[in-house]
Amino acid sequence: MTAEARLAPDHGVDDQIDADDLLSLVRNYNPKTNEALIRGAFEYGRQMHDGQTRHSGEPYFTHPVAVAAILTEQRLDDATIVTALLHDTIEDTRSTYAEVASQFGDEVAGLVDGVTKLTNLQLSNRESKQAENFRKLFMAMSKDLRVILVKLADRLHNMRTIRHMRPDKQRQKAHETMDIYAPLAGRMGMHWMREELEDLSFRVLNPEARSSIIRRFLTLQRETGDVIPKITDDIEAVLDKHGVSAQVFGRAKKPYSIWRKMQEKKLAFSRLSDIYGFRVITESEDDCYRVLGAIHQRWKSVPGRFKDYISQPKSNGYRSIHTTVSGRDGKRVEVQIRTRQMHEVAESGVAAHWSYRDGVRAANPFAVDPAKWLESLTERFENAEDHDEFLEHVKLEMYSDQVFCFTPKGDVVKLPRGATPIDFAYSIHTRIGHSCVGAKVDGLRVPLWTRLKNGQSVDVITAEGQTPQATWIDIATTGRAKAAIRRSLREVDRDRYIKLGKELARVAFEQIGKKATDKALATAAKALSLRDGDEVLARIGSAELSARDVVGELYPELAHGDDQSVIEEKRAVIGLPPGARTMRAQCCQPVPGERIVGITYPGKGPLVHAIDCLALAAFDEAPDRWIDLHWTDGRHAVIHNVTVDVTISNENGVLGRICTLIGEQNANISDLHFIDRKPDFFRLLIDVEVRDAEHLHAVMMAVEADSDVVTLDRFRDLDRRP
Ligand code: MN
């Protein structure tokens, strides 16, 4: 069948076809077809769909058969034909994956399952910006391109028979087809299918525009006669003169592509060139160039319209020469020149890989390897003509780090691979994320740490009063979710800060013999332009404000020049035997303000540990070596080294910012080393010199507040004993 015959809008594939008819269609191109397999699938499908009818009233099974027949026109392999016959069985009948697999093999079952998954996608096209995501989703979900070939044929048949559906359904399907299926067909290299899908949709979506274009064609024909045979004759005469044998086909372009050009170029029909397209099919590549030479010699070529896709094929395997010349009466005529083999590829695109020609599969040297073809989609095209199809720079590898999921309304949400329902919830709205208590994936409750998969529909369960949990930080993968969780946790921490601030304020006030009463705090709030006393406490607790400064604000005369609280190091610890010198244990690095205990060593002063240091377990059996120690109250002048363990995102400037944050707290960094460098995260140990627990707390709060800090802890190391 020629391409032109294929382009005819209503050929009879939806007439009833029996198993013999289908087999003879297959045998035409594939004499070695597995007849038993195809008959078996035909019989199985017929039984499964028995009793079901289409909107037209015909038996349902006429549909899968028609889909199979469409695929025979593309000369596809047995597995694809069988898949077409069975493509609605798993979804719509009592048939199961296991049954299909046991009767027709794993390959067919896998293909049918793939088609079922695509069918189950609830495509919503209320927003056309979603269309691109849907097309990517299709590609990402279809590990075998034959799945898409069957799905496209399925859609083609449904569009051909769409008049039987309700008008609103017709429009919905036509939109979907225009947005998703037609561009997909184009990308698969199947231009005839793209054009037919567009035209069938156009007929539903804008029947007035379509018939107006057709009327104008008829008018033009009345005025100038049918120019196609005339131009065809002209071209043939020129080729004869040059002694090149080739076939010439002409056609008027489809109403939709004319309408689109009119829209794009804002031209009236009468001023539109490129209404007609001609193809010259040659026997050899050399002949293509001879045809080109002959045509250019006879007619004036239009500048900027010459494309040689023979020496530089398109990524989907398309090869052809395109040129536009000013023909009869100065009318522009586009001519495509290609060999018969190139024509095969141009018509079937990537399907050529599974196609049979003269009983041999994939004999076509230009048929692209589907894996390579998918890869090649990553290439970007400079050619303006390709923009339609490749504007999106389809990149399948890129999709492998993305998943596409659905909201209950059917909108697509794009997430990084590994994303969880938490990420999904935050991607919809921060409020949804915050109040998330659970999730249903494809209707089933799942734990929040579940990794989402392509095509799943996710329903977030929310509850009022729910707040983000600290564990969510590890469950979330997107920056957006992590940041929102962190922010919220900080809010929740406010109570804790107020409590801590109260304690710090009490100590600071007592040092000057005052009390941190509500009244005193309210006065301080006013002086510092803060909301209220609680805000003062929260800021002290979160280290945004030091208790000392608050005291200074209220009692400048008492806070200044008060050296009483500065205590010499040798008097820092209470409870030491006379004359003993202490050392801080490096495993826990205790600082003033923390509860401590001493462990004695013969001939040395005691070693000071934090009371919760794990190293102390070693001394459980030696009670006589323990001595009770306390830091003295008040301000310590001497600095103490503390190691903090911090994980930061590997972004420019993060480390510098953290050093600045520490410096702003008047703390010195004495050492810093990396212990883990991942592409996205750095883990490092920072030695900070601090006066006491309050100072350390202030430093840690400041660092932790940075959004690029992932984790921050005191570093405790049992192996680091002096
Ligand atoms: Mn179907």
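First listed ligand is number 1; within each ligand, the first listed atom is number 1. Start at 1 with the first residue, then count along the sequence.
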Non-neighbouring partners of T33 that pass side chain to side chain donor-acceptor pair (under 3.5 Å), sequence neighbours left out: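 Here the qualifying residues are D78.
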Set of side chain to side chain donor-acceptor pair (under 3.5 Å) partners for H49, sequence neighbours left out: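 H49 satisfies side chain to side chain donor-acceptor pair (under 3.5 Å) with Q52 once adjacent residues are dropped.
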Ring geometry between Y276 and F278 (parallel below 30°, tilted from 30 to 60°, perpendicular above 60°):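 Tilted: the ring planes of F278 and Y276 meet at 30° to 60°.
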Six-ring centre of F61, R46 cation under 6.0 angstrom, axis tolerance 45°: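 No, cation not above the ring by the 6.0 Å, 45° rule.
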In the protein, N/O/S atoms that are found under 2.8 Å from the Mn ion (ligand 1), waters not counted: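 Metal shell, protein only: H63 NE2, H87 NE2, D88 OD2, D154 OD1.
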Residues that Q103 engages under side-chain contact (heavy atoms from CB on, under 4.5 Å), provided they are two or more places apart: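 Q103 satisfies side-chain contact (heavy atoms from CB on, under 4.5 Å) with Y44, E99 only.
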N206 versus Y256, side-chain donor and acceptor atoms under 3.5 Å: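 Their side chains do not contain a donor-acceptor pair, so the 3.5 Å distance test is not met.
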